[in-house]
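Please read the structure below before turning to the comments.
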Amino acid sequence: MPELPEVEVVRRGVAAHVLGREIAATTTFGARVLRRHAPGPADFADRLTGRVITEARRRGKYLWLVVGDDALVVHLGMSGQLLLAVPGAPDPKHLHARFTFAPDPAREPVELHFVDQRTFGGLALVERDAAGIPLPVAHIARDPFDPEFDPLAVARRIVGRASGIKRQLLDQTIVSGIGNIYADEALWRARIHGERPGERLTKPAVVRLLDHARTVMTDALGEGGTSFDSLYVNVNGESGYFSRSLQAYGREGQPCRRCGTPIRREHFMNRSSYSCPHCQKRPQTTR
DNA sequence: TATATCTCCTGCGGGC
DNA sequence: TGCCCGCAGGAGATAT
């Protein structure tokens with residue numbers, strides 16, 4: 001499940017292989033991949049042809065390639081992958097877009113594929129604002145890896161709301177990049193139950209929690225991200241190894257590595273939350 | 001405005 | 001073997 005570390009791994013891979021390359025042709029398959037590109041596939045392909053990719057940037061789980069004043073925004077959703085391929089190789093299953101590049105005598109020929117099994121991901125070619133952020137990403141808050149991320153300002157906002165802390169961690173307009181896995185891991189490290197209302201936390205406690213989130217995602221980045229199956233891989237199709245280091249997520253019934261109490265799984269927002277019943281006491285009353 | 005829930009989607013695994 | 005169902009979950013849309 002691509003959260004911030006997984007998207008950053010992909011961004012680095014893409015940057016290493018396609019920066020400076022000129023897009024020769026773009027082919028998309030099916031309407032869904034461009035559902036956020038209102039002008040449609042012909043416009044998408046026409047406007048990308050001949051453009052040179054000059055930067056690969058990221059905010060939270062959004063990744064974009066800078067082409068002139070515009071940005072090719074990529075969101076991986078649940079199962080999106082950007083994969084490097086040898087030109088002429090057979091199309092992989094669930095291929096939604098193919099980018100080919102003009103010949104470069106100094107570099108190996110390569111294609112870039114956007115593959116997505118569950119089709120929650122998508123592409124769009126959009127304008128950027130004065131700060132260089134693509135317009136559809138402008139509402140996304142800074143992530144904990146951003147040099148201008150302000151933990152105290154985020155904490156101030158979180159403690160001003162009644163909503164549960166995990167719900168707020170997952171709200172990309174409050175803090176971006178954190179998904180279900182790293183939210184559970186950060187909450188476990190901070191010994192906080194995800195349903196604790198923000199207003200019942202202190203600002204220092206939230207700052208510590210955000211620091212745990214940054215730390216756990218840094219650790220995950222060092223191991224290439226978290227892979228449970230083939231749905232998350234880097235641009236070369238390789239899995240990350242952080243799933244072996246998870247303390248809470250996916251460990252239902254296994255002993256907490258701090259106190260030995262079996263990890264519990266609870267339903268939350270149509271998904272699952274994992275926590276230690278002993279270390280992370282459920283709040284007395286919730287709304 | 002704040003908060004909560006629904007919907008999209010496909011492949012896998014378990015139960016029968 | 002084949003069918004059905006639940007599950008995984010990011011984010012925008014919709015409801016309260």
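Sequence lines set the chain letters: A, B, ... in the order given, protein chains first and strands last, and positions in each chain run from 1. The figures that follow rest on heavy atoms only: side chains count, while hydrogens, waters and symmetry mates do not.
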Review point. In whole angstrom, what separates A/His267's NE2 from B/dC6's P?
Key: 14 Å
**Study point:** d(CD1, A/Ile165; P, B/dA4) in whole Å
**Key:** 13 Å
Review point. Does NZ or CZ of A/Arg257 lie under 6.0 Å from the centre of the six-membered ring of A/Trp188, at an angle within 45° of the ring axis?
Key: no
Practice item. Compare the minimum distances between each of C/dG12, B/dT3, C/dG10 and the side chain of A/Ser163, then state the nucleotide with the smallest one. Key: B/dT3
Exercise for review: Rounded to the nearest angstrom, tell me the gap between atom CD1 in A/Ile140 and atom C1' in C/dG10.
Suggested key: 10 Å
Practice item. Return the value, rounded to whole Å, for the distance between atom CD of A/Glu195 and atom P of B/dT3. Key: 15 Å
Check your understanding: So, A/Ser273 and A/Arg265: side-chain donor and acceptor under 3.5 Å apart, yes or no?
Key -> no
Practice item. Looking only at side-chain atoms of A/Tyr62, point me to the closest of B/dT3, C/dG10, C/dA11. Key: C/dA11
Check your understanding: When only distance counts, do a donor and an acceptor, one from the side chain of A/Arg118 and one from the base of C/dA8, lie under 3.5 Å apart?
Key -> yes
Review point. What is the nucleic acid contact for A/Arg167, judged by heavy atoms within less than 4.0 Å: base, sugar-phosphate only, or nothing?
Key: base
Point to revise | Donor-acceptor pair (no angle test) under 3.5 Å: A/Arg271 side chain, C/dG10 base | key: yes
Review point. Does A/Arg32 pair with A/Asp116 as a salt bridge, N-O distance under 4.0 Å?
Key: no
Review point. Any luck finding a side-chain donor-acceptor pair between A/Glu266 and A/Ser272 under 3.5 Å?
Key: no
Check your understanding: Taking a hydrophobic cluster as the set of Ile, Leu, Val, Met, Phe, Trp and Tyr residues connected by side-chain heavy atoms closer than 4.5 Å, whether directly or through intermediates, do A/Val235 and A/Ile23 fall within one such cluster?
Key -> yes
Exercise for review: For A/Arg265, answer base if it contacts any base atom (sugar-phosphate contacts may also be present), sugar-phosphate if it contacts only those atoms, and nothing otherwise; contact means non-hydrogen atoms under 4.0 Å.
Suggested key: sugar-phosphate
Check your understanding: For A/Arg35 and C/dA11, what is the distance between atoms CZ and C1' respectively, to the nearest whole Å?
Key -> 9 Å
Review point. Can you tell me how far C1' of C/dG10 sits from CZ of A/Arg59, to the nearest Å?
Key: 18 Å
Review point. Just to confirm, is there a sub-4.0 Å distance from OP1 or OP2 of C/dA11 to any side-chain nitrogen or oxygen of A/Gln172?
Key: yes
Practice item. Write down the distance between CG (A/Asp171) and P (B/dT1), rounded to a whole number of angstrom. Key: 15 Å
Study note, to complete from the structure: Atom CE of A/Met78 and atom P of C/dG10 are separated, to the nearest Å, by 7 Å
Review point. Between C/dA11 and A/His75, is there an OP1 or OP2 to side-chain N/O distance shorter than 4.0 Å?
Key: yes
Check your understanding: Heavy atoms under 4.0 Å, any strand shown: does A/Phe268 hit a base, just sugar-phosphate, or nothing?
Key -> nothing
Practice item. Verify the contact: side-chain N or O of A/His94 to OP1 or OP2 of B/dG11, cut-off strictly under 4.0 Å; return yes or no. Key: yes
Practice item. Identify which nucleotide among C/dA11, B/dC9, C/dA8 has an atom closest to any side-chain atom of A/Ser272, counting heavy atoms from C-beta outward. Key: C/dA8
